[in-house]
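In what follows, a structure is listed as structure tokens, so that the remarks can point back to it.
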Amino acid sequence: QVQLVESGGGLVQAGGSLRLSCAASGRTFSSYVMGWFRQTPGKEREFVAAITRNGGSRYYADSVKGRFTISRDNAKNTVYLQMNSLKPEDTAVYYCAAGVVVATTPTYNYWGQGTQVTVSS
């Protein structure tokens, strides 16, 4: 069982930046592919970004490519999502996920509780 806890969400103006963090329990963090998803009311959970076990490969949704950066620090059991040039349409609850394989669908094994990101204009 993996416990994931997101932090760093909040209210930011359009064009601003936020960095989300996801802290994982245990010593097996490096065994998992990590991903970020987001969800707004009435919509399905949407893929945002993913990163492989050693951080060697990173994947992004087209909607965030060039603006968001996913990274991980296995020594700290933490994955990050740096969000720059934020837009109102980025407003959502952001979820951290851990899984066995990289996926762009919400099929990961473990999920955090989510953190709200609100972008105003």
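Note that this is a predicted model, so its numbers are computed, not measured. Residue numbers run from 1 in the order of the sequence given.
- Looking only at side-chain heavy atoms (C-beta outward), T40 and T91 stay at 4.5 Å or farther from each other.
- Looking at heavy atoms from C-beta onward, E44 lies out of side-chain contact with P106 at the 4.5 angstrom threshold.
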Carefully, step by step, assess W111 and L4 under the rule side-chain contact (heavy atoms from CB on, under 4.5 Å).
CA-CA 6 Å; W111 295 85; L4 303 173; 5.6 Å; no
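- At a threshold of 4.5 Å between side-chain heavy atoms, the hydrophobic network of Ile, Leu, Val, Met, Phe, Trp and Tyr places Y94 and Y110 in one connected group.
- Considering every non-hydrogen atom in both I51 and V33, the closest pair reads O-CG1, 3.4 Å.
- Without hydrogens or angle criteria, N77 side chain to C22 main chain gives no donor-acceptor distance under 3.5 Å.
- In this structure the side chain of Y32 never reaches within 4.5 angstrom of the side chain of N109, judged on heavy atoms.
- One finds the CG atom of N54 at 9.5 Å from the OG atom of S30 (value rounded to the nearest 0.5 Å).
- Under the 4.5 Å side-chain heavy-atom criterion for grouping Ile, Leu, Val, Met, Phe, Trp and Tyr, V64 is connected to V12 within one hydrophobic cluster.
- For the atom pair S121 OG and K87 NZ, the distance stands at 13.0 Å (nearest 0.5 Å).
- When every heavy atom of S85 is checked against every heavy atom of R67, the shortest pair comes out as O-NH1, 3.0 Å.
- Of all heavy-atom pairs spanning A49 and L81, the tightest one is CB-CD1, 4.2 Å.
- Of the options V117, D90, N84, a side-chain contact (heavy atoms from CB on, under 4.5 Å) to L18 is made by V117 and by none of the others.
- Taking the six-membered ring where the residue is Trp, the centroids of Y108 and F37 are separated by under 6.0 Å.
- Taking the six-membered ring for Trp, F68 and W36 have ring centres at least 6.0 Å apart.
- For CD of E89, the number of neighbouring non-hydrogen atoms (other residues, nucleotides, ligands) closer than 6.0 Å is greater than 12.
- Within 6.0 Å of CD in Q113 there are 12 or fewer heavy atoms belonging to other residues, nucleotides or ligands.
- Scanning both residues, E46 and S63, for their nearest heavy atoms gives OE2-OG, 3.9 Å.
- In this structure a side-chain-to-backbone donor-acceptor pair under 3.5 Å is missing from T115 to S7.
- Figure legend: R72 and F29 shown as a cation-pi pair, the cationic atom lying under 6.0 angstrom from the six-membered ring centre and within 45 degrees of its axis.
- The structure places OG of S17 at 5.5 Å from CD of Q82, a figure rounded to the nearest 0.5 Å.
- Judged by distance alone, with hydrogens and angles left aside, the side-chain atoms of R38 form no donor-acceptor pair with the main-chain N or O of A92 at under 3.5 Å.
- Using a 4.5 Å cut-off between side-chain heavy atoms of Ile, Leu, Val, Met, Phe, Trp and Tyr, with links allowed through other members, L20 and V93 fall into different hydrophobic clusters.
- Not a single donor-acceptor pair under 3.5 Å links the side chain of T118 to the backbone N or O of L11.
- V100 belongs to a hydrophobic cluster with V101, counting contacts under 4.5 Å between side-chain heavy atoms of Ile, Leu, Val, Met, Phe, Trp and Tyr, direct or through other members.
- The closest donor-acceptor contact from the side chain of Q13 to the backbone of S120 lies at 3.5 Å or more, if one exists at all.
- Contact check for M34 versus C96: side-chain heavy atoms found under the 4.5 Å cut-off.
- Proximity of I70 to Y59: side-chain heavy atoms (C-beta onward) are nowhere separated by under 4.5 Å.
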Please lay out, stage by stage, how T69 and Y80 fare under the test side-chain contact (heavy atoms from CB on, under 4.5 Å).
CA-CA 8 Å; T69 303; Y80 305 94; over 6 Å; no
